[in-house]
Amino acid sequence: MTFNKAEWPRRLRSQEWYGGTSRDNIYHRGWLKNQGHPHDLFDGRPVIGILNTWSDLTPCNGHLRDLAEKVKAGVWQAGGFPLEVPVFSASENTFRPTAMMYRNLAAMAVEEVMRAQPIDGAVLLVGCDKTTPSLLMGAASTDLPSIVVSGGPMLNGWFRGERVGSGTALWQMSEDIKAGKMTQGDFLEAEQAMSRSSGTCNTMGTASTMASMAEALGMALSGNAAIPAVDARRRVMAQLTGRRIVEMVKDDLKPSDVMTRAAFENAIRCNGAIGGSTNAVIHLLALAGRVGVDLSLDDWDRLGRDVPTVVNLMPSGKYLMEEFFYAGGLPVILKRLGEAGMLNKDALTVSGGPIWDEVKDARNWNEDVILPEGKALTQSGGIAVVKGNLAPDGAVLKPSAASPHLLKHRGRAVVFEDIDDYKARIDDDALDIDESCVMVLKNCGPKGYPGMSEVGNMGLPPKVLKKGITDMVRISDARMSGTAYGTVVLHTSPEAAAGGPLAVVRTGDMIELDVPARRLHLDIPDEELQARLAAWASPVVRPNGGYAQLYVDHVEGAHEGADFDFLKGCRGNEVPRDSH
Ligand code: FES
């Protein structure tokens, strides 16, 4: 796949602000000179916005100001003019009710920042989960040349000789405490061992998945996803990215040239091979909506179905991102997909060439971390999409993180009406539940628990854990952290708060999950289901004003990417002239 390179030199959009002698030009240029910029920097060279999601409250991105300096160095080296711009930073570990509620707000802000200001191209400096999709979505809606550089994962965590995976260990240890296998003191000691360097979660959680998705989509330089945050090669990557964006502006290589249907297909298959986060489903659906690529949940199931998961990383496997990098990182996976006929080899990347050129010489340096041909954590590693009368628009499950014996299961529903109901009753030994039951959690979808919190992997009842049971079938309209695991059916759509059938499941109903047949069935007569739906009234109170109200009024279903209805599509980068 090729694109039509623009002529260079030509007049760039930043010259509308900086190139000329009008009062407005002097107003824009003169004020910026108070930062000590010489006049010749405004001569028509590419102005590069370094969109930085650094924040003291986003610790995963805490090192991005340092990294931005390396990006700037690269931009200068290539003859551009770098300007660092702080943008909304949706931190996964601080935002309530969930960072996901702010992904669309961040994307909207990024889009406006890029369009309204003298930016010819952007480096998207991202890391923590939602920062990657939000900046990609914003950039896609302006279609200005853009490139991702990720902050990179933390180094391995170690506790008493064992690897400690971000998030994954947190879920495991909290269950161990409930089961009486770990003390609170040990838990506090382990806390310090979990996060021992700058960077994002070191598991194949959502941050690492989305960094991998950016690379597989062709929106980052090859090798970007896995380099640890504190490795010197991360800073080299930042510098090379700074150089590259200047050339992309000169060539006018835009997100719409790169994020084609072929690129999304590559990313979906890649997600299966890495055992990536279920959150990638929602983010890629939303991103596709921004660039006008017709992508659906069915594409996820169809394209990922035969992809073996070969990256042996937590939460599905054993190792962490540091080891994935040493083993060769994502280029090895993309090469493997290419050799298996599962990669659109000619998909264009930000390099200006086909993705196959970037990965064809990659080598696997550790066959325990990246499993060799013929070995896999699971043969069917993609995201499974189940449908049925309980999920007419679909629900998702990650087979590589599930228990094989539960993938086909019929059980009695134990229903929690919302997250507070779950919290109030789950630890009660009088709760009528055992490991054969199906736990059902309602009203945690995009509208129900605004933002669709990551509560779908609800912890098991202590009385079940004490028997040594570690997994049960769980169904909800919520999401789950990319670092989590279990036989967990997520994103059930339509959600309960929108009147989906999930809303009318009752404790005692029988539910059938059949992942091989892609079926999720509530075993009650259809007339009964229709009668319950007709009598249903939403228990969820609409937020009274502010962003939360905007969110619930305009967020779309999980099966559509949970974007705002009015933000879909590309609005370009034209902007009215100012009126000074
Ligand atoms: Fe930020 Fe995991 S919490 S990357």
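For ligands, and for the atoms within them, numbers begin at 1 and follow the listed sequence. As a basis for the values below, the full set of heavy atoms in this structure was taken, side chains included, without hydrogen atoms, waters or symmetry mates.
- Residues F95 and Y547 keep their aromatic ring centres 6.0 Å or farther apart.
- Between N279 and the options R103, K130, H491, E454, a side chain to side chain donor-acceptor pair (under 3.5 Å) holds for only E454.
- Using a cutoff of 4.0 Å between basic side-chain nitrogens and carboxylate oxygens, K318 and E323 are not scored as salt-bridged.
- Rounded to the nearest 0.5 angstrom, L51 CG and L83 CG are separated by 11.0 Å.
- Distances under 2.8 Å from atom 1 (Fe) of ligand 1 pick out the protein N/O/S atoms C60 SG, C128 SG.
- Note on ring orientation: taking the six-membered ring where Trp is involved, the planes of Y422 and F416 are perpendicular (angle over 60°, cut-offs 30° and 60°).
- Residue pairs meeting the side-chain hydrogen bond (donor to acceptor under 3.5 Å, both in side chains) criterion with at least one member in residues 137-147, sequence neighbours excluded, are S141-R290, S141-R571, D143-S256.
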